[in-house]
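The next block holds one structure in the form of structure tokens; read it before the comments.
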Amino acid sequence: MVGRDEAELIGLQAVAWLAANDELLPVFLGATGASAEDFRNNLSDPGFQGGVLDFLLMDDAWVRGFCDEAGLSYDLPFQARQQLPGGGEVHWT
């Protein structure tokens, strides 16, 4: 299982990957209502990193693209998300 420090590192890597993705970054900004300035100002915020991971986890192709470029196994973004603010799994039972 991923610890908090590793989760924040993966979150920061995800933010950097998204920032460099000219096609996907505008989709993220449009979906979240965040501005480019919000994006720049919140890079190191674990809550923001969790939001980026939430976004990436919506599409397997995005997860694969990020993980392939970062050299991570495909399950690590989900594990990292669980350790960041707001990431606890919800059980509806």
Self-check item: Summary of side-chain hydrogen bond (donor to acceptor under 3.5 Å, both in side chains) pairs that have at least one residue in residues 18-29, sequence neighbours excluded
Solution: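 Those involving residues 18-29 do not exist here.
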Honestly curious: do [X] and [Y] fall in one hydrophobic cluster under the side-chain, below-4.5 Å linking rule?
| X | Y | answer |
| --- | --- | --- |
| L12 | F28 | no |
| F66 | L9 | no |
| Y74 | M1 | no |

Do the side chains of [Y] and [X] get nearer than 4.5 Å, heavy atoms only?
| X | Y | value |
| --- | --- | --- |
| L72 | Q13 | yes |
| T32 | F48 | no |
| V63 | F78 | no |
| V27 | F55 | yes |
| W62 | L57 | no |
| P77 | C67 | yes |

Quiz item: How about D5: does its CG atom have over 12 heavy atoms from other parts shown lying under 6.0 Å from it?
Solution: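 12 or below, so no.
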Practice problem: Identify which one of L24, V52, L25 satisfies the side chain to side chain contact (heavy atoms under 4.5 Å, CB included) criterion when paired with W17. | Solution: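 The side chain to side chain contact (heavy atoms under 4.5 Å, CB included) with W17 is passed solely by L24 among L24, V52, L25.
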Quiz prompt | Pair listing, salt bridge (charged side-chain N to carboxylate O under 4.0 Å, His left out) test, anchored in residues 45-59, at least two apart | solution =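 Qualifying pairs: D54-R81.
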Self-check item: For E8, side-chain hydrogen bond (donor to acceptor under 3.5 Å, both in side chains) partners two or more places apart
Solution: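 Scan of E8 (side-chain hydrogen bond (donor to acceptor under 3.5 Å, both in side chains), adjacent residues dropped) gives R4.
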Please find the pair of heavy atoms, one from [X] and one from [Y], that lie closest to each other, and give the distance.
| X | Y | value |
| --- | --- | --- |
| Q83 | A7 | CB-CB, 3.5 Å |
| A80 | L53 | CB-CD1, 4.0 Å |
| Q49 | V15 | CG-CG2, 4.0 Å |
| R40 | L43 | O-CG, 3.3 Å |
| S35 | L29 | O-CD2, 3.8 Å |

